Number of protein chains: 2
Amino acid sequence: MTRGRRRSESSRRAILDAARVLLLEHGYERLTIDAIAAQAGVGKQTIYRWWGSKGAVVADAALAGGLVPPLIPLPDTGDIETDLRAWLRAWTEHLASGVGRSLILALTAATAEDRAVADVLYERFTGPHEQLLRDRLDSACAAGQLGSEVPVPTIAGVLIGSLLYRVLSMQAPPTADDADMVVRLVLAGAA
Amino acid sequence: MTRGRRRSESSRRAILDAARVLLLEHGYERLTIDAIAAQAGVGKQTIYRWWGSKGAVVADAALAGGLVPPLIPLPDTGDIETDLRAWLRAWTEHLASGVGRSLILALTAATAEDRAVADVLYERFTGPHEQLLRDRLDSACAAGQLGSEVPVPTIAGVLIGSLLYRVLSMQAPPTADDADMVVRLVLAGAA
DNA sequence: CATTATCGAGACGACCGGTCTCGATGATGG
DNA sequence: CCATCATCGAGACCGGTCGTCTCGATAATG
């Protein structure tokens, strides 16, 4: 079918791995394409042949590159408060670590700087997490654990936003107690 | 007392004004020191003599440079719901405009990229707004309009976070209805 | 008037993003 | 087995930016 050499899978992985490592090591602004190419043992053209910009590489590295922003599970035990608490606690724990914090900061910088990158990240990262939350909230709604007059999107946005603010304010990282209080506040309002 | 020429106040203002204008015009990442110097009719050294980095100029421009992130007032009518609604509505209106959005995105990018800038911005921008919110919530607490079991810092963080997330998610900008729902949700939980 | 610090202007080196070229490598079709 | 062709690693190259440095001019002090 297609003539010529095929795309090297090992180079692809090396590039994404290198980008991820260097991103966490030095942050988004200090990350350079040359450094990625050198670390990956790859020519720069090999990067630009498959990705359009530095932001695109970073976005892909953060997502396809591995589990670094781990898929925080949102269990369904039947009790919405227990489940939300577990989810938010797992997130706070992740964000309290240096790695999780660095990654979110890098992704936020990329989002705020580049609209195209922002769209990719929302589509493949933020969006899915928000959807996960909405689905669980919907099922809780159907189970009668939530008043039906409170819009699910608002609740999801408030939960995610409270996390985001704690990270971006760069003050003390969020704690498990904070997470519990946010859940209690939100669920009390939505009951 | 001090010998030699004094610092030019007009140059200082010109620099901050130029930085603010160019920031809103092109965004943080496209903002260049050369452009600021040219627009202000100023030598680059005059910028670097008084500010240490691009981030420092931007932070100062956004804050001391004028009222661009306007001091959103938080009235005290005695009814906390009315006041919070007014405050959050004013913010959503500001963030729905191109100018407000651009500015918050620029400040967020600067925050996520540079720790020193983040500290300045928290101290002089985010912190005061959060404190404003906390003070009003405290007074509502004292007036018996809020249950005392939900901590005020959590409420303030949730309110600010929900705004921040709406802006950073880069989807539809927040609306007045969203603001009202957030206030209702939070106050119902804190009552 | 001599001294001193800032001024506007711009040259300069270092660095980075992105493009281009090069010879080598590997996969396909004949 | 061989010609073709896309990708490979490597690196030269360009345009632009940051931050430093130098220059003569200007303003404020003693």
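Chain A is the first sequence line, chain B the second, and so forth, proteins listed ahead of strands; every chain is numbered from 1. All values reported here derive from a predicted model rather than from experimental measurement.
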Item to check | All salt bridge (Lys or Arg N to Asp or Glu O under 4.0 Å) counterparts of A/D79, not counting sequence neighbours | outcome: none

Checklist entry - Going by atom types alone, do B/E130 and A/Y165 pair a side-chain donor with an acceptor below 3.5 Å? => result yes

Item to check | Between C/dG17 (P) and A/R49 (CZ): distance, integer Å | outcome: 19 Å

Item to check | Between C/dT19 (P) and A/W51 (CH2): distance, integer Å | outcome: 15 Å

Checklist entry - Quick one: salt bridge (Lys or Arg N to Asp or Glu O under 4.0 Å) partners of B/R12, sequence neighbours excluded? => result B/E9

Item to check | Expected output: side-chain B/D83 to main-chain B/T77 donor-acceptor under 3.5 Å | outcome: yes

Checklist entry - Which part of the nucleic acid, if any, lies within reach of B/W50 when heavy atoms closer than 4.0 Å are counted: base, sugar-phosphate only, or nothing? => result sugar-phosphate

Checklist entry - Atom CZ of A/R12 to atom P of D/dT7: distance rounded to whole Å? => result 15 Å

Checklist entry - Does NZ or CZ of A/K54 come closer than 6.0 Å to the centre of the six-membered ring of A/Y48, within 45° of the ring's axis? => result no

Item to check | A/Q39 CD - D/dA10 P separation (whole Å) | outcome: 13 Å

Item to check | Residue-phosphate contact under 4.0 Å: B/S11 side-chain N/O, C/dG8 OP1/OP2 | outcome: yes

Checklist entry - Okay, side chain of B/T46, backbone of B/V42: is any donor-acceptor separation there less than 3.5 Å? => result no

Item to check | Separation of D/dT17 P from B/I47 CD1 (nearest whole Å) | outcome: 14 Å

Checklist outcome for this item: Secondary structure of DNA chain D per the Watson-Crick/G-U criterion (both distances under 3.5 Å; [ ] crossing, | other strand, . unpaired) is ||||||||||||||||||||||||||||||

Checklist entry - Quick one: do the A/R85 and A/T82 side chains pair a donor with an acceptor below 3.5 Å? => result no

Checklist entry - Sequence neighbours excluded, which residues qualify as salt bridge (Lys or Arg N to Asp or Glu O under 4.0 Å) partners of A/D178? => result A/R166

Checklist entry - Does the ring centre of A/H129 sit less than 6.0 Å away from the ring centre of A/W87? => result no

Next on the checklist: Rounded to whole Å, please give me the gap between CG in B/L22 and P in D/dT17.
Outcome noted: 12 Å

Item to check | Rounded distance (Å) that lies between atom P of C/dG18 and atom CD1 of A/I36 | outcome: 11 Å

N/O contacts under 3.5 Å, protein versus nucleotides 26-28 of chain D?
residue : atom : partner : partner atom : Å
D/dT26  : O2   : B/R5    : NH1          : 3.2
D/dA28  : O3'  : B/R6    : NH2          : 3.2

Item to check | From C/dC7, C/dT19, D/dC8, nucleotide with atom closest to A/R7 side chain | outcome: D/dC8

Checklist entry - For B/W51, is the NZ or CZ atom of B/R7 found under 6.0 angstrom from the centre of its six-membered ring and inside 45 degrees of the ring axis? => result yes

Checklist entry - Hey, does the side chain of A/Q145 reach the backbone of A/G78 with a donor-acceptor pair shorter than 3.5 angstrom? => result yes

Checklist entry - Would one find a side-chain N or O of B/T46 under 4.0 angstrom from OP1 or OP2 of C/dG8? => result yes

Item to check | Letter per nucleotide, 5' to 3', of nucleotides 10-16 of chain C [B base touched, S only sugar-phosphate touched, - untouched; heavy atoms, 4.0 Å] | outcome: ------S

